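The structure presented is a predicted model; accordingly, all values stated were derived computationally and were not measured.
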Amino acid sequence: MCGIVGIFGRGPVNQALYDALLVLQHRGQDAAGMVTLEGRRLHLRKDNGLARDVFRTKHMLDLKGDMGIAHVRYPTAGCSSSAEAQPFYVNSPYGVTLAHNGNLTNAEELKQDLYREDLRHINTSSDSEILLNIFAHELQVLGKMRIEAQDVFKAVAAVHRRCRGGYAAVAMINGNGLLGFRDPFGIRPLVYGRRETPRGVEYMIASESVALDAQDFEMLDDVQPGEVVYIDMEGKLHKFQCAANPILSPCVFEFVYFARPDSIIDNIFVHKARSRMGDRLAKKIQRVWPNHDIDVVVPIPDTSRTAALELANCLGLKYTEGFIKNRYIGRTFIMPGQQHRKKSVRQKLNAIESEFRGKNVLLVDDSIVRGTTSQQIVQMARDSGARKVYFASAAPPVRYPNVYGIDMPAASELVAHGRTEEEVQAIIGADRLVFQDLEDLINAVGKKGKSKVERFDTSVFDGEYVTGDVSHHYLEQLQLLRNDSSRQARDEESEEETESVLALHSNL
């Protein structure tokens with residue numbers, strides 16, 4: 001998962017882009033990057049790390065210009081090389097730079113096509129570089145010295161015809177303008193807004209509405225599936241539907257876990273959706289466990305708080321904060337490899353013993369992915385004196401890998417893959433486990449009458465991939481790429497490369 005932002009300004013945009021990245025930092029902490037346009041000259045800074053560490057004063061002084069794009073990243077396939085940091089740039093045609101959130105499911109095929117037919121070389125393993133080169137090639141075949149909005153629309157339409165998967169992107173064409181576009185299924189989120197300034201109207205395109213809110217941009221709309229929003233150099237906004245058969249099918253996991261609760265995605269308030277998840281989960285507990293003996297509801301911070309509070313209210317139970325979170329530890333979900341995860345949980349959370357001692361506790365989390373974290377948290381509750389430890393998940397069992405830009409583990413490493421709910425309960429060590437039903441999750445997120453969503457991508461729960469092109473062979477290859485042993489081998493290879501470079505420099 002990544003966060004992207006693009007700004008067309010009437011003055012320097014470096015600070016506004018930086019502030020937007022801070023608001024979107026929850027979408028990725030592996031790397032950050034920014035490119036700005038000053039006249040016809042591009043200025044770029046990107047590196048591994050948090051935005052606050054990547055951009056120092058000396059870098060910000062160099063990032064001059066009235067238009068730019070920026071990106072925060074976590075590795076979609078486990079690679080954390082700084083060469084994968086975005087935005088990416090190609091000089092032909094015009095000079096195009098792009099930042100991307102998502103994953104192309106036909107990336108290998110496209111990479112071969114780019115080499116054999118488009119005569120373009122891909123220098124990294126990032127599908128974002130592939131997406132950029134596809135877009136740049138489609139602009140180049142138009143053969144025009146100066147492009148107009150219709151030319152941008154043609155190029156994006158060609159991108160939609162060639163690319164498969166989930167993608168939202170912002171791009172900047174040197175001397176021409178800024179654009180944002182979204183795949184024909186709208187799997188990954190993208191919104192845009194405007195604000196009035198004394199010098200004229202400014203525009204922002206971003207992954208989530210919170211980036212607009214934080215800087216007083218008025219949200220205009222979501223970028224629709226298959227749509228492109230383009231702002232030319234005069235500041236005129238153009239938009240056009242570039243896909244033949246768009247079907248709004250956003251990833252439901254955005255609402256379960258990734259998006260900030262104060263965001264609005266596809267006209268759905270994330271906070272409200274999570275509150276309804278808690279209500280639906282409470283109703284299930286009343287249905288399947290009417291004589292429960294729960295004393296207290298404890299959320300596992302942070303994303304489960306809204307659902308846990310509503311669940312407690314619906315059941316008439318006490319709600320309490322039983323865990324204190326160390327906010328200076330990275331999110332466990334995105335850490336590469338199990339070894340780091342096992343070490344991180346007790347560094348990240350500490351139990352308040354008085355809230356557990358002698359009580360039957362219901363722990364509520366947004367989801368259970370590997371089960372490793374859940375297992376350790378259940379044990380922490382027991383170690384703190386809980387008489388019984390129950391566990392409730394605001395999402396159904398995660399049984400299948402995500403292929404549209406969320407770096408979930410290989411299928412074999414998902415605790416619910418090929419297992420019953422009772423088996424998962426035994427593995428995490430809970431006295432009872434309750435999962436949300438998929439139908440209830442869908443109804444909680446896409447409340448009828450409030451949303452334009454035609455369907456959700458729920459593939460991590462049911463294995464049904466909305467793009468219809470995910471084969472068994474693709475999933476097998478993904479399994480090889482994402483399993484922990486493969487990640488460890490890549491990490492060791494990356495360390496060896498770093499040591500070789502250091503050794504070379506020491507000999508110079």
Side-chain angles (χ1 to χ4, degrees), residues 2-21 24 33-46 63-71 86-91 93-101 128 131-132 135-136 138-139 146-156 159 167-182 189-197 199-209 211-212 215 217-224 227-240 242:
C2 301
I4 58 176
V5 58
I7 297 178
F8 175 91
R10 300 293 183 174
V13 296
N14 54 352
Q15 186 65 51
L17 287 168
Y18 175 79
D19 291 344
L21 290 187
L24 296 172
M34 184 190 306
V35 60
T36 57
L37 179 64
E38 179 191 22
R40 298 300 293 266
R41 185 177 180 184
L42 292 167
H43 303 279
L44 172 66
R45 165 66 181 170
K46 59 181 181 177
L63 290 165
K64 301 172 184 176
D66 297 348
M67 186 165 65
I69 63 174
H71 185 269
Q86 298 183 43
F88 285 109
Y89 168 77
V90 290
N91 66 356
Y94 317 114
V96 184
T97 184
L98 177 143
H100 159 234
N101 172 32
S128 303
L131 184 64
L132 167 61
F135 176 61
E138 296 302 334
L139 282 175
R146 177 81 181 178
I147 59 173
E148 300 175 351
Q150 293 299 322
D151 301 313
V152 175
F153 301 156
K154 289 177 184 177
V156 174
V159 168
Y167 52 91
V170 289
M172 192 164 57
I173 308 170
N174 196 334
N176 289 276
L178 174 76
L179 67 142
F181 59 92
R182 197 176 178 195
L190 196 64
V191 301
Y192 63 101
R194 56 174 279 165
R195 70 179 176 188
E196 298 281 351
T197 74
R199 288 175 286 188
V201 177
E202 298 182 325
Y203 291 96
M204 179 189 289
I205 306 169
S207 291
E208 294 185 35
S209 61
L212 306 177
Q215 299 188 59
F217 279 81
E218 173 197 359
M219 181 171 166
L220 296 175
D221 203 354
D222 297 272
V223 176
Q224 299 304 311
E227 187 177 55
V228 59
V229 172
Y230 175 62
I231 301 104
D232 63 28
M233 297 302 288
E234 284 70 48
K236 184 177 179 181
L237 185 144
H238 313 260
K239 61 180 183 177
F240 189 74
C242 298

For [X] and [Y], which heavy atoms make the closest approach, and how far apart are they?
X	Y	value
Cys242	Phe153	SG-O, 3.5 Å
Arg182	Val223	NH1-O, 2.7 Å
Pro189	Asn101	CD-ND2, 4.3 Å
Lys236	Asp232	N-OD1, 2.9 Å
Gln215	Arg195	O-NH1, 2.8 Å
Gln86	Ser128	NE2-OG, 2.8 Å

When rounded to the nearest 0.5 angstrom, what is the spacing between [atom1] in [X] and [atom2] in [Y]?
X	Y	atom1	atom2	value
Lys154	Phe240	NZ	CZ	10.0 Å
Ile69	Phe8	CD1	CZ	15.0 Å
Met34	Lys46	CE	NZ	13.5 Å
Leu178	Tyr230	CG	OH	9.0 Å
Leu63	Leu44	CG	CG	8.0 Å

Using 30° and 60° as the class boundaries, would you call the ring planes of Phe181 and Phe135 parallel, tilted or perpendicular?
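Tilted: the ring planes of Phe181 and Phe135 meet at 30° to 60°.
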After noting the C-alpha distance and the side-chain angles of Ile4 and His100, does the key distance pass the side chain to side chain contact (heavy atoms under 4.5 Å, CB included) rule?
CA-CA 7 Å; Ile4 58 176; His100 159 234; 5.8 Å; no
With side chain to side chain contact (heavy atoms under 4.5 Å, CB included) as the test, pick out the partner of Ile205 among Val5, Leu179, Leu190.
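Single side chain to side chain contact (heavy atoms under 4.5 Å, CB included) partner of Ile205 among Val5, Leu179, Leu190: Leu190.
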From Asn174, Ile147, Leu139, residue fulfilling side chain to side chain contact (heavy atoms under 4.5 Å, CB included) relative to Pro93:
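That would be Leu139.
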As a quick check of understanding, evaluate side chain to side chain contact (heavy atoms under 4.5 Å, CB included) for Thr97 and Phe88, giving each step before the final call.
CA-CA 5 Å; Thr97 184; Phe88 285 109; 5.9 Å; no
Please evaluate residues Glu218 and Leu212 with respect to the criterion side chain to side chain contact (heavy atoms under 4.5 Å, CB included), reporting the C-alpha separation (whole Å), side-chain torsions for both, the decisive distance (0.1 Å), and the verdict.
CA-CA 7 Å; Glu218 173 197 359; Leu212 306 177; over 6 Å; no
